[in-house]
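This report refers to the structure that appears directly beneath it.
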Amino acid sequence: METHSHINKKFSDPPSFHIPRELIIEGGATAYASLQKLGWDTFTITDEIAPGVIRMRAPNGTHVTMKPGSYPWGGLFPSK
């Protein structure tokens with residue numbers, strides 16, 4: 001799968017890079033591949049920003065906001 005190979009190149013050695021405070025991911029396959037490669041599989045849901053757009057916290061403190069590719073972001077990224 002193309003998405004998985006792209007993610008593998010980006011996260012070739014997860015422990016060696018900076019752990020972000022916030023991670024925003026669009027697309028279910030992209031979210032799955034990214035979080036799997038990072039080894040993150042336990043989360044606490046903290047917010048539902050819009051239908052299908054959730055924000056959750058990983059045990060390391062990183063907040064992850066994600067949504068399916070076909071859903072709108074809601075008010076998360078307002079236009080000017």
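What's counted below: heavy atoms across the whole structure, side chains too, no hydrogens, waters or symmetry copies. Computed from a prediction, not measured in an experiment: that's the story for all the values here.
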Point to revise | Joint cluster assignment, I19 & L23, ILVMFWY side-chain distance < 4.5 Å | key: yes

Could you list the donor-acceptor pairs under 3.5 angstrom formed between side-chain atoms of residues 50-61 and any protein atom two or more places apart in sequence or on another chain?
residue	atom	partner	partner atom	Å
R55	NE	E22	OE2	3.2
R55	NH2	E22	OE1	2.7
R55	NH2	H63	ND1	3.4
N60	OD1	T62	N	2.8
N60	OD1	T62	OG1	3.1

Review point. Linking I/L/V/M/F/W/Y whenever their side-chain heavy atoms sit closer than 4.5 Å, directly or via other members, would L38 and I45 fall into one cluster?
Key: yes

Check your understanding: Can you check side-chain contact (heavy atoms from CB on, under 4.5 Å) on I49 and K67, steps first, answer last?
Key -> CA-CA 10 Å; I49 296 165; K67 72 168 196 73; over 6 Å; no

